[in-house]
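First the structure, in the form of structure tokens, and then the observations on it.
When reading the values below, keep in mind they use all heavy atoms of this one structure, side chains included, and skip hydrogens, waters and symmetry mates. All values reported here derive from a predicted model rather than from experimental measurement.
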Amino acid sequence: MTRPNPSPGPRISHALALTTLSAAGPLAVGVSLATSSLPALPVGIGVSALCGGLSLAWWWRSCRQLQGQHAQLRRHSEQLRRVSMSLPALDADPDPLRGLIHTIATGLEATVAVIAEHNDAGTLRTVTQWHQDGQTATIDWQRGPWLEAIEHGQAVIADGHADPAVCAAFAVRTCIGVPLDGRKAVLVVGFNHRLDNALQTQEAVQVAATRCTAELHRRRADQAMARSLKLFDALFEDTQLLTMLLEREGPGWRVTRVNQATADTLGMSRDDMLAMAHSPSAPLTEDLLGVEVKAVDPSMPDRPLHAVMEEALLINGAEYLMRRRDGATRRIMLSAAPIVDSAGGVDAALCFGQDVTERHALREQVRQSQKMDAVGQLAGGIAHDFNNMLGSVMGYCEIMLLDEDLDAGVRDAAEAVIRIVERAGDLTHRLLTFSRTGEMQRIPVGVHRCIDDTLILLRQKVDPTIEIVVEKHADRDQIIGDPGLITGSLLNLCRNGIDAMSQAGTLKIRSDTEYISLNDCQRGAFELEPGAYCTITVTDTGEGIAPELLERIFEPFFTTRQQQRGTGLGLPTVYGAMEQHGGAVTVVSEPGAGSTFTVYLPLASETAVHRSSGAQVIPGNGTVLVIDDEEPILDIASRLLEHIGYQSITCAEAEQGVATFAKHHAAIDLVILDMVMPTMHGREVLIKLREIDPEVKVLVASGFPRDTDPAQLKAMGAAGFLQKPFRLTDLSRSMGEILGILPS
């Protein structure tokens, strides 16, 4: 008996169910196993059950996937919500940009966030960064996916395991780079975990990138503003210009900022100036600062700051006289511009000023110097002719005195005329000295005579209530110097003392002899040489000088006198004159106790005094050529030279003198040469004479000091110099020194 083959239908169904549903999940597998234990069913019923199982398995898996996606969406939504809620609070952060990336990184559960931007060289540099562990990384921005983000202007997601640059820079698993500010910068956010939905995270980073770009713009604007403010502060505070800022305050206005230069110039403190406010009741002569103001130009307003604020007037370089609170007047060149608001009104003004007091004084001094130079030119021309005439008068008087049988009365008259001529010659030289035309002389000078000359000039304008006391205690008063400079210095000191006495007082002039040792010179403030000095003290009973002014009284253009009463050059001139003489000037003063100025002048040696005091004629012998365009001078020179033993040759023209010397130079021992002649200047004659004979001895005689600098003439080859008019004794002594009869 044969066993029937079992039916293959149910086995196939079960196998198909197990094979097909094994991928459908536990539910499908359960269903298939359940059906396998049932009795064999028809094929149609098996297929229906199989399809139902498949549908149920697919639905179950889709639900699980949707649940995961919804959870991710909720997580990302929460991240975006936390980021968006935190962004407004960043405005109060001291570093908003760093606080911003911190908020972004925290909200997105990131490990690190960095912003980099291009510098001036075009390479990326780190602007700010935040790390979860607080570390600071040094990032190589020259390689990595962020360069691609900037180059293409699109966000880039990079895997740290696949990109070594990401690992080297951040040591994270994944990073997202988003370009900022039109590809000028980049935001990089790194994550240390796998991103379930990288595209959604990228979108969140891109949303935050918009705020990063805005914050970068604000950061740059703040930095530019900070630089501008720093520069403005430096310009405002450090400049030597007077700088003020005026601003509206209710119906009036006040100074809201002022630099130290302004306060110093106006003699006020900055706090006092900042407390000043506009007062409609202020006098018209006063400005905002409470100082008296007067425009130099009548077309400008006398209240400049008011005009700028109330009339919107632009002031450019106008000069004003401002009287400080201590009474001193300063000349200020002011520029001021109103600052107009959006409504067209003036709400502020910026003012700049410059103290031009010293510049104005210098300008006045230059103008005065030009006037004096013109006077000097005129005086010099007159002095030449005048000194020639004086020389003729003196020469003929000298010839008269050579007559031993001359009547005593005539002799006295001739000697009186000579003294008058000498005084006239001194007056001429003094005129040239004060006009700054003549060069400084170095001749024997009697200090007591300078004091007498000062008194003659001084007593003409001294108030009768001022008593002048003179005490000459110096047993020696001979110095080597310029009598005009010494007399002018004493006159300056005396006039200062008189001006310091507003009422009756006493001016005392005293001379003494003082020896200064080496120790005294080393301890003193002046560079004096040890030796004997003649001192002159000028003491007044005036107001005295404040201690803070004593250090400045010898500065050029510094003066405590009122406007138009002083140039500030008197005492500096005295200081310079004493230095030229190898001396010094000192001052001792106290407020209310008067002032004492002391002049130190080195005394001449006994040898120099003896030589200068010798009034005897020195005889000699030889042939002398005299070149001068004045016939009387030639006649007098010929007579005087023959009287003391010389033979003379005279020439009234320069060319004639050169030709005569060329013909007879071997027999001529000395040439007396005038400097100012009509056809050829004395300097040219001197050059031609030396071309003929380099060893020629020339004694220059002139009455025009402008063209007769002794040092320059000596450098040109002159052997000596005589100032017209001169005495026979002076002529014979100079000739004796040149010819070797006397020691030079």
Would you check if the side chain of [X] reaches a backbone N or O of [Y] as a donor-acceptor pair within less than 3.5 Å?
X: Asp297; Y: Met300; result: no
X: Arg248; Y: Met309; result: yes
X: Asn119; Y: Leu124; result: no

With sequence neighbours excluded, tell me which residues meet side-chain contact (heavy atoms from CB on, under 4.5 Å) with [X].
X: Ala337; answer: Leu314
X: Val356; answer: Glu319, Arg331, Met333, Gln354, Arg359
X: Thr265; answer: Leu242, Ile332, Asp355
X: Asn316; answer: Ser335

### Query
According to the side chain to side chain donor-acceptor pair (under 3.5 Å) rule, which pairs have a member within residues 220-233, sequence neighbours left out?
Glu117-Arg220, Asp181-Arg220, Asp233-Arg257
Quick one, [X] and [Y] - any side-chain contact, counting heavy atoms below 4.5 Å?
X: Val258; Y: Leu245; answer: no
X: Arg219; Y: Val127; answer: yes
X: Leu180; Y: Val186; answer: no

### Task
Mind checking side chain to side chain donor-acceptor pair (under 3.5 Å) for Arg173 and listing every partner two or more places apart, or none if nothing turns up?
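Arg173 satisfies side chain to side chain donor-acceptor pair (under 3.5 Å) with no residue once adjacent residues are dropped.
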#### Entry: Set of side chain to side chain donor-acceptor pair (under 3.5 Å) partners for Thr239, sequence neighbours left out
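Per chain and number, Thr239 pairs via side chain to side chain donor-acceptor pair (under 3.5 Å) with no residue.
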Pairwise ring pair (Phe, Tyr, Trp, His ring centres under 6.0 Å) hits with a residue in [range], at least two apart:
range: residues 312-342; answer: none
range: residues 109-131; answer: His102-Trp130
range: residues 171-213; answer: Phe191-His193

### Query
Out of Val189, Val172, Ile101, Asp133, which one pairs with Val112 under the side-chain contact (heavy atoms from CB on, under 4.5 Å) rule?
Val172
Would you list the atom pairs, donor with acceptor, under 3.5 Å between side chains in residues 144-159 and any protein atom, with sequence neighbours excluded?
{"residue": "Trp146", "atom": "NE1", "partner": "Arg143", "partner atom": "O", "Å": "3.1"}
{"residue": "Asp159", "atom": "OD1", "partner": "His161", "partner atom": "N", "Å": "3.0"}

### Task
For Arg270, enumerate each residue passing the salt bridge (charged side-chain N to carboxylate O under 4.0 Å, His left out) test, keeping only those at least two apart in sequence or located in another chain.
Glu237
